[in-house]
Amino acid sequence: MVAQLTRRSFGARFGAAAAMGVLGKANAQTSGAVVVCSYGGQVQDALRKAAFEPFERTTGIKVVEATGPSPAKLRAMSMSNNIEWDVVQIFAPDFLALANGNLLEKINYNALDGRTMSQINKQFVHPFGVGAATYSLVIAFNTKYYPIGKHPRTWSDVWDVQKFPGPRILPAATSASPPNECALLADGVLPQHLYPLDLERSYRGLSKIKPHVLKWSSGGAMAPQALADGEAHIGFASQGRIAQLKLQGAAVDFEWNQGFYTADFWAIPKGAKNVGNALKFIEFVSRPEPVVEWIRLMGGGSPVNAESLNLMTPELAKQTVTYPDNLKQQIWLDAEWWAKKVDGKTNKDRNIEMWNTWLQTGNP
């Protein structure tokens, strides 16, 4: 179950509930490789240095990289009985939908190191996956057009094209993080009253901003790049990607207020060819050292391994999603609501149908 995070819950242990085992108990492998599918771009660049390369040096198992971890791709692989990935990193709403749809392997916790698993916050130890990190999806902007202090701070501001003119980039409903919550906040819905989402109302809000959206992004790298290039002035983007671009000198920044914090998971597709190696990789990347290095390189995110906090400098800790001053400004993205089925369809699938109709007709 993916429940609301707090700073206190990050220090929780699940003790005896943790499966005891050691790395190396994993099932026999069919090859000396593991295919890991992540998000590409800056996220994958950071993962490569923090986890992929150290894992290869430590185990001798070759990491074969893949990108684009969409549920649609995984369902297509399952239907053709040709699973190409061994491990997939995927956002919580999609992860829960795949787990509920019997498309993921159960995690054999007896094959994982008990000490490492005991350090993982218990809400991220799921029968079908292990938490990777928490993220925030935030209001982001190009600082050449909107310097700090004169930037949009709420979704109502993002929708206010008179006070904050310029092209926007927002996510498509087919992306991992749809724009519906943003539209409802912009329309005056209070954060505590967001869920269950009034999807019809959200599309009325999206219709208001649509003429000012130059692009509906389908992947996590699109909005940060458009903002860095000045193609878009304001957008909805991953805080970690924006923070990394900022560190590299790009004219971008972000606002913690009304950001949506969520999590993603490491999971093994049902029918994966290298389950044993996949388990070894998940155990390795769940250790505190790779997680801290990954977050340092990314410039954002937060660990789900509580021991990672002890390895962080105070400066790095202040950049994390769950640092108290940052956390209190944000809103939990309810993955369980998006994964819930209504009349045989998940809310996310139902929303994608509404989205496609709205794009064609102007009405959901």
Side-chain angles (χ1 to χ4, degrees), residues 1-6 9-21 23 25-27 34 36-39 51 69-71 74-75 78 83 85-135 176-177 261-272 275-276 278-288 290-291 294 301-308 321-322 332-341 346-348:
M1 179 177 179
V2 182
Q4 184 165 350
L5 297 175
T6 64
S9 76
F10 244 68
R13 299 290 194 276
F14 67 102
M20 300 303 292
L23 185 66
K25 278 188 176 182
N27 299 333
V34 60
V36 181
C37 183
S38 185
Y39 307 120
S70 78
L74 189 51
R75 291 187 182 104
S78 178
I83 304 299
W85 306 330
D86 298 314
V87 180
V88 60
Q89 182 184 10
I90 197 158
F91 279 113
D94 293 333
F95 163 74
L96 291 173
L98 292 171
N100 294 340
N102 196 32
L103 289 167
L104 301 177
E105 295 277 356
K106 267 198 166 185
I107 300 295
N108 178 11
Y109 282 99
N110 288 323
L112 304 182
D113 180 65
R115 182 174 180 275
T116 297
M117 291 299 103
S118 70
Q119 296 166 354
I120 305 294
N121 185 293
K122 62 183 178 180
Q123 69 193 63
F124 296 114
V125 179
H126 187 280
F128 292 93
V130 178
T134 60
Y135 299 93
S177 49
Y261 71 108
T262 183
D264 62 5
F265 281 75
W266 296 112
I268 302 173
K270 197 175 187 70
V275 172
L279 288 166
K280 287 187 176 183
F281 175 81
I282 290 173
E283 191 277 334
F284 183 89
V285 79
S286 298
R287 296 175 185 177
V291 173
W294 178 21
S302 283
V304 298
N305 184 316
E307 290 300 313
S308 300
V321 171
T322 50
W332 177 249
L333 194 154
D334 192 340
E336 291 187 343
W337 185 86
W338 281 107
K340 182 180 178 182
K341 283 191 174 182
T346 67
N347 281 321
K348 182 164 186 179

Checklist line | Steps toward side-chain contact (heavy atoms from CB on, under 4.5 Å) verdict (I268, I282) | finding: CA-CA 9 Å; I268 302 173; I282 290 173; 3.8 Å; yes
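Residue I120 holds its CD1 atom at 10.0 Å from CD of E307, rounded to the nearest 0.5 Å. Q119 contributes atom CD, which lies 10.0 Å from atom OG of S286 (distance to the nearest 0.5 angstrom). The structure places OH of Y261 at 9.0 Å from OG1 of T322, a figure rounded to the nearest 0.5 Å. The distance from the NE2 atom of H126 to the OH atom of Y109 is 8.5 Å, given to the nearest 0.5 Å.
At least one donor-acceptor pair closer than 3.5 Å links the side chain of S302 to the backbone N or O of V321.
Nearest heavy atom pair, residue T262 against residue W332, reads CA-CZ3, 4.0 Å. For the pair W337 and N347, the tightest heavy-atom approach, listed with the atom from each and the gap, is O-ND2, 2.7 Å. Contact between F265 and G131 at its shortest, heavy atoms only, is CD2-N, 3.6 Å. Across F124 and A263, no two heavy atoms sit closer than the pair CE2-CB, 3.4 Å. Closest heavy-atom contact between P93 and W338: CB-CB, 3.9 Å. Nearest heavy-atom pair across N305 and R287 is ND2-C, 3.8 Å.
Looking at S38 and Q89, their side chains come closer than 4.5 Å, going by heavy atoms from C-beta outward. Residues P71 and I90 form a side-chain contact, since some pair of their non-hydrogen atoms from C-beta on lies under 4.5 Å apart.
Taking W266 as the reference, F281 meet the ring pair (Phe, Tyr, Trp, His ring centres under 6.0 Å) condition, with sequence neighbours excluded.
Note on K340 versus E336: no salt bridge recorded, every NZ/NE/NH1/NH2 to OD/OE distance being 4.0 Å or above.
Among residues at least two apart or in separate chains, salt bridge (charged side-chain N to carboxylate O under 4.0 Å, His left out) pairs with a member in residues 86-103 are D94-K348.
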What side-chain donor-acceptor pairs closer than 3.5 Å can you find for residues 98-107, not counting sequence neighbours?
{"unit_1": "N100", "atom_1": "ND2", "unit_2": "L96", "atom_2": "O", "d": "3.2"}
{"unit_1": "E105", "atom_1": "OE2", "unit_2": "G271", "atom_2": "N", "d": "2.9"}

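Below 30°, between 30° and 60°, or above 60°: for Y135 and F91 the angle between ring planes is above 60°, a perpendicular geometry.
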